[in-house]
Structure formats: C-alpha cells, structure tokens
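What follows is one structure encoded as structure tokens, with my remarks underneath.
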Amino acid sequence: MSVNRPTIEPGRLFIDGEWREAEAKGRRDITDPSTGKVITTVAEADASDVDAAVTAARRAFDEGPWSRTPGRERARILHRVADLIRKREDELVAVESLDVGKPVSLARAVDVATAAEEYEYYSAMAQSVDGSTRQIPIPSHAYTRREPLGVVAAITPFNFPLILSSSKLAPALAAGNTVVHKPAEETPLSALLMAEILAEAGVPDGVLNVVTGGGAVVGEALLRHPGVDKIAFTGSTKIGRHAAATAGEALKSVTMELGGNAANIVFEDADLEKAIGAVIKGFVFNSGQFCMGGPRLLVHRSLHDTVLGILEGAVAGVPVGDPFDPAIVVGPMAGLRHLEKVEEYVGLAKAEGGRIVVGGERLDLDGGYYYRPTVIAGLGNDSRVVQEEIFGPVLTVQPFDTEDEAVAMANSTPYGLASGFQTQDLARAHRVAARLQAGIVWVNDWAMLDPAIPFGGVKQSGFGREYGPEALESYTRVKSVVINLS
Ligand code: NAD
C-alpha cells in the first residue's frame with residue numbers, strides 16, 4: 001500500500017498535558033535519512049524542562065488519579081490507545097518511515113502493528129496486577145500487594161522508536177506508574193505523535209510527559225533527578241553502563257536493554273532454503289540496525305561454499321532504496337554517523353583480510369544514507385569486525401566443524417541478547433538452545449518477537465526483561481501486609 005511523505009509540524013515538549021516550547025527556546029533539526037535534508041525541528045530541552053516534566057509526573061503519581069485508578073479503568077484507556085494506533089496507522093507509518101528511513105512495508109507490518117499489540121497485551125494485564133495471601137503460623141491475615149514504582153524515566157534508542165517506547169510505556173502505565181519519556185534525539189517524531197494519541201485515549205495530564213533532546217543533557221538530567229524512581233533504558237552498552245552506574249548511586253530501579261551481536265548457526269542438517277531466508281532476514285532487517293539481528297553467520301564447513309554462493313546472488317537481489325516505495329525491503333541507515341560506522345568496519349574487514357562476497361559500498365541515491373547489504377567471508381573469530389557490534393547491513397560468515405565449536409563461537413562475544421540456529425534435529429534444538437548465552441533463542445527462523453515472549457540480555461547486553469508478565473512485574477514492587485488477628 002503506498003504512503004505519501006508527510007509534512008511534519010515543528011515539535012514541542014509534552015509536559016503535564018500541555019504542548020510547550022523548551023524553556024531556553026532550543027530547537028533541533030530532524031533529518032530525512034533518505035535525502036539527508038531537514039524535514040522539521042523539535043524542541044531541544046534542558047535540565048529545567050526535565051525538572052518540569054518530572055515534577056508533573058511526580059504530582060500525577062503522588063496525588064493520582066492514575067496510580068489509584070482501578071486496573072480495569074487503566075485497561076480501558078490503554079485499549080483505546082491500541083485502537084487509536086490502528087485508526088491512525090497510515091499517519092504513524094509515514095512518520096516512522098520518514099524519521100528513521102524504514103521501508104513503509106516494514107513500518108506498517110512490524111512497527112505500527114507491534115505497538116498496537118503491545119498496548120493491547122498490557123491493557124489485558126492491567127486488570128491482574130495482583131498480590132496473594134500467605135499462610136504463616138500465627139493468627140494473622142498476611143498478604144502481598146503489587147504496587148507501582150512511581151515515576152519512570154523511559155530512555156530509548158533511534159532504531160525502533162515506536163516499538164521500544166511502547167514496550168516501556170504500556171507495561172509501566174498498566175501497572176499505574178507515571179512516565180517521563182526521552183526518545184532518541186535523531187528519531188523523536190513518533191513519540192510526539194504517541195503523546196497526542198495517549199492524551200486522546202484518556203491518559204490524564206502529567207501521566208505521560210515527552211521531553212525531546214540530547215542524551216548528555218536530557219538523558220543525564222533524568223538519570224540524576226531525585227524525583228525519578230526507575231530508569232528503563234534501551235541503548236548501547238557504553239551509555240547503558242554509565243546509566244546503570246549513575247542510577248545505582250541513587251539506588252534507583254533499573255532495567256538495561258543494551259547492545260547485541262548475535263550468531264546465527266546453520267547446522268549441516270538445516271533446511272537450507274529456510275535457513276537462507278532466516279539468515280538474510282536476520283541481517284538486513286531494519287538496515288541491520290537491530291539489536292537482535294544476526295550479523296554473524298556460523299555455517300557448517302560442508303555447506304560453507306554452497307551457502308556463500310547462494311548468499312551472493314540472493315543478497316544482491318534484495319531491493320534497496322526509497323523507503324516510501326512499498327516494494328523496498330532495505331531503506332537508508334537512520335543517520336550519517338551510522339553509515340560512516342559501517343564504512344569504517346567494512347574498511348577494517350578488508351584490512352584484516354576479509355573478502356567482500358557482495359556489497360561493500362554505499363548506494364548513491366538522492367543524497368540518502370544508503371549502504372548495500374554486505375557479506376564478508378574469511379575473517380577470524382577474534383577479528384574486531386566479528387566481535388564488535390556494527391549495527392548495519394553487514395554479515396560475516398565463518399565455517400565450523402562441530403556442534404561444540406559452533407556453540408563456543410556463538411558465545412564468544414561480550415554480548416548475549418539473542419542467538420539462533422537452523423537444524424532439523426529436535427534433540428539438537430533443545431540441547432543447543434540450552435547452551436547459548438542469550439536472553440532469547442530462535443530455532444528455524446529469526447526475529448520471532450511478540451509481546452508475550454520476554455526478551456533481554458545476559459552479559460554486556462544488560463539485564464531485566466521487556467515483554468511478557470516479566471516486564472509488567474519490573475514496573476512494580478511487592479509490599480507485604482501482616483495483620484495480627486489474635
Ligand atoms: P545510545 O546508547 O547512543 O542512545 C540511547 C539513548 O540514550 C538515547 O535516547 C540517547 O539520547 C540516550 N543517552 C545518551 N547519552 C546519555 C546519557 N549520558 N545519559 C542518559 N541517556 C543518554 O544508543 P543508540 O545509538 O540510540 O541505539 C543503538 C544501540 O541500542 C545499539 O547498541 C543497540 O544494540 C541498542 N539497542 C538495544 C535494544 C535492546 O532491546 N536490548 C533495542 C534497540 C537498540
């Protein structure tokens with residue numbers, strides 16, 4: 001379905017139910033990655049705006065009504081959010097595609113559809129934020145209550161703005177918290193549209209506040225603000241480490257959803273056609289700007305040359321270009337800095353003796369930040385290109401001989417967000433799934449995600465889980481009440 005490029009009004013901050021300019025009147029340009037041209041500006045907040053947003057969220061939490069609204073009523077409002085997302089689907093698709101450079105087909109089928117499902121899923125769960133009764137050997141009535149934490153600072157990265165803000169806001173709000181949301185400075189547009197949608201759905205003033213601006217100022221002010229109870233952070237391991245340490249100083253609750261560098265293992269018994277599909281999806285999806293992508297292909301030596309041959313043709317045929325063309329699968333990178341990082345890593349791969357099987361260069365189109373999907377063979381496992389997170393449409397391919405070797409190579413990076421493999425052997429599926437160091441493991445496909453399935457990191461990919469009842473619980477704390485009946 002075709003979508004037109006929208007015109008975007010300049011964005012303002014959303015604080016206490018009102019649209020406001022930043023107190024210091026700062027503005028930031030927002031660029032269309034498919035042309036490199038400025039499409040609009042948004043307010044550039046500073047610490048005083050963060051303080052106003054946290055104060056509004058604090059008041060909305062402490063005085064209510066949201067934190068005291070019955071779960072069923074919160075559920076109704078969050079369900080309306082899901083309905084409004086679907087009603088305004090075209091608008092959200094256009095904004096997300098324009099801002100991030102996502103193909104409209106991807107933005108519709110994945111980003112906007114998933115955001116609606118996230119609100120739907122947690123709206124159902126808002127009705128069962130329950131405690132339980134406990135038996136103890138004295139005459140008493142003892143029970144637990146599950147209570148919201150308070151003010152949540154939701155800090156999100158540039159690559160899936162709508163999905164990742166909804167994956168925090170939906171459970172946080174379902175549990176009765178209030179939120180100050182800081183989207184990534186490069187891609188804040190859908191967060192502003194969602195503020196409008198949540199208000200229209202009936203989320204009261206002060207319950208959701210959106211503050212746009214840079215990490216070093218707005219993000220930092222949120223980490224340090226004494227009125228914030230929880231930091232829900234998604235982003236790079238480098239910034240996450242700093243965020244966790246800063247929040248830890250003040251003993252704030254934290255969840256850290258950080259970087260990844262997953263391996264996709266193709267065993268000798270794989271269904272090759274399906275395996276190739278999973279491999280390509282795993283590294284070109286969202287121009288490779290996917291924390292749970294599969295940029296490291298480990299393939300059994302007996303299949304290595306065959307797989308490289310198939311990939312050479314298939315990857316060259318992936319349609320790359322204007323994200324507003326419904327037939328396009330890979331759009332531009334979201335910003336120039338991401339494109340330059342990919343170029344740097346491909347240069348390093350060549351210097352380290354890697355062989356470019358396909359791609360390996362920019363695609364010159366309309367001044368946009370395009371990079372051709374790229375496959376690199378011949379690198380050793382300790383190559384930086386293999387070990388580090390590139391975050392672009394680049395796949396390295398390495399052979400292995402045994403299952404033990406494949407598992408060791410898969411687990412050999414500092415990251416542990418996702419992992420996956422392709423096999424027809426059921427016993428191997430369970431055996432290898434148990435040995436992979438990752439928060440989520442996919443077998444015979446890639447990127448099977450759903451709000452019901454928790455994901456999150458181990459090792460340097462962070463801690464805490466998004467999705468599932470696990471995420472909802474992470475926005476609550478347990479209080480015990482014991483009443484002496486004697
Ligand atoms: P980033 O770490 O540069 O930025 C993430 C957010 O942190 C942004 O909103 C940024 O403004 C903010 N920030 C920056 N400095 C800050 C500071 N000093 N204090 C507080 N906040 C600050 O990440 P990015 O480049 O936007 O996103 C890419 C990274 O995110 C990749 O590493 C990717 O793997 C990771 N990621 C992880 C997941 C996951 O679920 N684990 C999902 C998506 C992306």
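First listed ligand is number 1; within each ligand, the first listed atom is number 1.
Of all heavy-atom pairs between A94 and V3, the closest is CB-CG1, 3.6 Å. Shortest non-hydrogen contact noted between A175 and T476 is CB-CG2, 3.7 Å. Summarising the geometry of G416 relative to S461, their closest heavy-atom pair is N-OG, 2.8 Å, with the distance given to 0.1 Å. Scanning both residues, F324 and V104, for their nearest heavy atoms gives CD2-CG1, 3.9 Å. Between K252 and P226, the shortest heavy-atom distance links the atoms NZ-CA, 4.0 Å.
Checked by distance only, ligand 1 and K182 come closer than 3.5 Å through their nitrogen or oxygen atoms. Backbone and side-chain nitrogen or oxygen atoms of M292 are examined, and none is located within less than 3.5 angstrom of a nitrogen or oxygen of ligand 1. Checking only distances, E186 never comes within under 3.5 Å of ligand 1, N or O to N or O.
When only non-hydrogen protein atoms are considered, atom 36 (N) of ligand 1 lies nearest to C291 CB, 3.5 Å. Scanning all protein heavy atoms for the shortest distance to atom 11 (O) of ligand 1 gives E185 OE1, 2.5 Å. Nearest to atom 34 (O) of ligand 1 among the protein's heavy atoms is E389 OE2, 2.6 Å. Atom 14 (C) of ligand 1 has its closest protein heavy atom at G215 CA, 3.5 Å. Of the protein's non-hydrogen atoms, the one nearest atom 18 (N) of ligand 1 is E220 OE1, 2.7 Å. Nearest protein heavy-atom contact of atom 27 (O) of ligand 1 is P157 CB, 3.2 Å. Residue, atom and distance of the protein heavy atom nearest to atom 6 (C) of ligand 1 are T156 O, 3.6 Å. The nearest heavy-atom contact from the protein to atom 40 (O) of ligand 1 is F455 CE1, 3.4 Å.
Only the side chain of L164 comes within 4.0 Å of ligand 1, counting heavy atoms alone; its backbone N, CA, C and O stay farther away. Neither the backbone nor the side chain of R224 has any atom closer than 4.0 Å to an atom of ligand 1 (non-hydrogen atoms only). When heavy-atom distances to ligand 1 are checked against a 4.0 Å cut-off, V218 has no atom that comes that close, whether in backbone or side chain. The side chain of F233, and not its backbone, has at least one atom closer than 4.0 Å to an atom of ligand 1 (non-hydrogen atoms only; side chain from C-beta on).
The protein does not reach atom 4 (O) of ligand 1 closely, with no heavy atom under 4.0 angstrom from it.
Remark: distances from the non-hydrogen atoms of F158 to ligand 1 include one below 4.0 Å. Ligand 1 lies within reach of G260, whose nearest heavy atom is under 4.0 Å from it. Under the 4.0 angstrom criterion for non-hydrogen atoms, A184 is in contact with ligand 1. Contact between F290 and ligand 1 is absent, with no heavy atom of the residue lying under 4.0 Å from the ligand. Heavy atoms of R465 stay at 4.0 angstrom or farther from ligand 1.
Under 3.5 Å, the side chains of S34 and R5 contain a donor-acceptor pair of N or O atoms.
Counting the atoms of ligand 1 from 1 in the order shown, those under 4.0 Å from a heavy atom of L258 are 34 (O), 37 (C), 38 (C), 39 (C), 41 (N). In summary, the atoms of ligand 1 found under 4.0 Å from a heavy atom of H242, numbered by their order in the structure, are 18 (N). Listed by atom number, the atoms of ligand 1 under 4.0 Å from N159 heavy atoms are 43 (C), 44 (C).
Selection from I239, L222, I163 by nearest heavy atom to atom 15 (N) of ligand 1 gives I239. Closest to atom 19 (N) of ligand 1 by heavy atom, among L223, V217, T212, is L223. Counting heavy atoms only, I155 comes closest to atom 12 (C) of ligand 1 of the residues N286, T237, I155.
For the pair R384 and E388, the salt-bridge criterion is met [side-chain N within less than 4.0 Å of a carboxylate O]. Between D229 and R58 there is a salt bridge, since a side-chain N of the basic residue sits under 4.0 Å from a carboxylate O of the acidic one. Under a 4.0 Å N-O distance rule, the pair E343/R362 qualifies as a salt bridge. A salt bridge links R27 with E21; the closest basic N to acidic carboxylate O contact falls under 4.0 Å.
Residue K168 forms a side-chain hydrogen bond (donor to acceptor under 3.5 Å, both in side chains) with just one option from T156, T255, N177, T234, and that option is T234. Of the candidates I276, D445, N444, Q422 forms a side-chain contact (heavy atoms from CB on, under 4.5 Å) with just one, namely N444.
Seen from the ring of F160, K102 counts as a face-on cation partner, given the 6.0 Å and 45° thresholds.
With D450 contributing its side chain and I453 its backbone, the two residues share no donor-acceptor pair below 3.5 Å.
Between W446 and I280 the shortest side-chain heavy-atom distance does not fall below 4.5 Å.
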- Task: List the steps, then state whether salt bridge (charged side-chain N to carboxylate O under 4.0 Å, His left out) holds for R88 with E200.
- Result: CA-CA 12 Å; R88 297 176 69 170; E200 189 183 341; 3.1 Å; yes

